[in-house]
2 protein chains.
Amino acid sequence: MKPLPVQLASKIYAASELIAERGLDDTKIEDIAEVTGIPVSTLYYHFRGKAEILAFLLNDLLTAIAAEVGVAVESQGTARERLTRVIRAQLSVMLQNPASCRALVGDLGRATRLPQLAGALSAAFYQPVEQLLRDGADDGSLLPSEDTMSDAVMIFGAVTVAGLMEAVVGSQRPMESIADAVARLLFDGLAPRTFDETHA
Amino acid sequence: MKPLPVQLASKIYAASELIAERGLDDTKIEDIAEVTGIPVSTLYYHFRGKAEILAFLLNDLLTAIAAEVGVAVESQGTARERLTRVIRAQLSVMLQNPASCRALVGDLGRATRLPQLAGALSAAFYQPVEQLLRDGADDGSLLPSEDTMSDAVMIFGAVTVAGLMEAVVGSQRPMESIADAVARLLFDGLAPRTFDETHA
DNA sequence: TTTTGTGTTGGAATCGGATTCCAACATTAG
DNA sequence: CTAATGTTGGAATCCGATTCCAACACAAAA
């Protein structure tokens, strides 16, 4: 897939709104042509079909998230601090692209079935978090994880679903507020901080 | 939608495997007819179309989860203990129906766009957890939540994604193991239990 | 500036699959 | 034994995705 001419790239994003709303199936190519202002023929000149249009949009979103998250991971501070930034980064991009996020989740099946996207998904989310969990065990800012993969997945789930809900309901709640709620749950947990309570 | 004759109901489940694998679009009605052994005409006699078949399967899954979760919520013990049982219940049903779970997530968009399912989704997950969070604040077994809705959503995300990953990779990891990992993260959090560490 | 390659575009032609229709037949409740 | 309901095969339709094609715009190269 050659790089899409910028002129078109800028227009194509309008499609994510449509796809997020109705899902890819119920979105006709002609509908996409209409909202984006790109004629059907031109769309087919650049994309193999509907699925590839969605893939383009999602890949773009995931790349953006991966980039922001990457910065957070590489930043200074304890693993815990960096993980906090990662959460903020992810939520930030999600809130800036609510339509793409909804489209992504709505057609998650298709997304994960495209090998290219499955990789991007993993790189954008799990891997960085997994790394931070290991770092945290080293620098003492996080509890050692018994299964970093498993924990990373759960963290991903919590953050993503939290961000998604905001994207769906379209709340104007600021990213910081959501990030704080997520961080509180993930770092401090739900249990009161009494002495024994641990798993005997 | 009249109650599906049991004879068909038992057969139709075979479709979830197919849908989970390919997604609804790439699954032809004829494919469904083939794997289930139910002729196309008969399928159309009972369902409006493909989407309604998926809806039936998902509704069924969600009902099963809601039922199990319901038992856990109503059980004896502190809110924390009951929440633990809720997590186990959800994971248990998910692991017993991996195909349906994958289908659900793969076509989550469609699922949430069907009002009936959106309600079932909410009843099966958020609501019970939200209630437990409130109970936990009362009986002291859980920290008071600043936003039960938000916390419930995150918990849902962590549990679901954890269960989903197992369903996707088809691991044979026992439910208890997964549930313990989830519970550890959610109750104890990631942060070490030093004195100050809280959010200053 | 003529040539050539690449991007644009409208519209016709195809194709595949979903859904609808219909008629014959089976089963079951009354 | 009927009537109502469930089953089923196969034809007929419909719709939208994708493919094809030809005309045209534009820019770099000769």
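Predicted model only: the values in this text are computed from it and were never measured. Throughout, a chain's letter reflects where its sequence line sits, starting with A, and its residues are numbered from 1.
In this structure, the nucleotide among C:dT8, C:dT19, C:dG10 sitting nearest to the side chain of B:Tyr44 is C:dT19. In the set D:dT5, C:dG7, D:dG16, D:dT5 carries the atom at the smallest distance from any side-chain atom of B:Tyr45. Ranking D:dT18, D:dT7, C:dA18 by closeness to the B:Lys50 side chain, first place goes to C:dA18. Considering only the side chain of B:Pro39, D:dG9 comes nearest among D:dG16, D:dG9, C:dA18. Closest to the side chain of B:Ile29, out of C:dT9, C:dA18, D:dT7, is C:dA18. In the set D:dG6, C:dT20, C:dG11, the nucleotide with an atom closest to the side chain of A:Ser41 is C:dG11. Taking every side-chain heavy atom of A:Thr42 into account, C:dT9 is the closest of D:dG9, D:dT7, C:dT9.
A:Glu52 has its CD atom 10 Å from the P atom of D:dT18, to the nearest Å. Regarding A:Glu34, its CD atom lies at a distance of 13 Å from the P atom of C:dG10, rounded to whole Å. Regarding A:Leu4, its CG atom lies at a distance of 17 Å from the P atom of C:dT6, rounded to whole Å. Atoms CD (B:Glu30) and C1' (C:dG16) sit 10 Å apart, rounded to a whole Å. The CZ atom of B:Arg48 sits 18 Å away from the P atom of C:dA18 (whole-angstrom rounding). Atom C1' of nucleotide C:dT8 and atom CZ of A:Phe47 are separated by 14 Å, given to the nearest angstrom. Whole-Å rounding puts the B:Ile38 CD1 to D:dT8 C1' distance at 12 Å. Here D:dC15 presents its P atom at 15 Å from CG of A:Asp31, a figure rounded to the nearest Å.
Within 6.0 Å of CZ on B:Arg173 lie more than 12 heavy atoms contributed by other residues, nucleotides or ligands. Within a 6.0 Å radius of CD in B:Glu146, no more than 12 heavy atoms belonging to other residues, nucleotides or ligands are found. At most 12 non-hydrogen atoms from other residues, nucleotides or ligands lie less than 6.0 angstrom from CD of A:Glu30. Under a cut-off of 6.0 angstrom, the local environment of CD in B:Glu34 is sparse, with at most 12 non-hydrogen atoms contributed by other residues, nucleotides or ligands.
Between B:Val40 and A:Asp25, the residue anchored closer to the 5' end of DNA chain D is B:Val40, taking for each the nucleotide with the nearest heavy atom.
Salt-bridge formation is not detected for the pair A:Arg184/B:Asp147: no Lys NZ or Arg NE/NH1/NH2 atom is positioned less than 4.0 Å from an Asp or Glu carboxylate oxygen.
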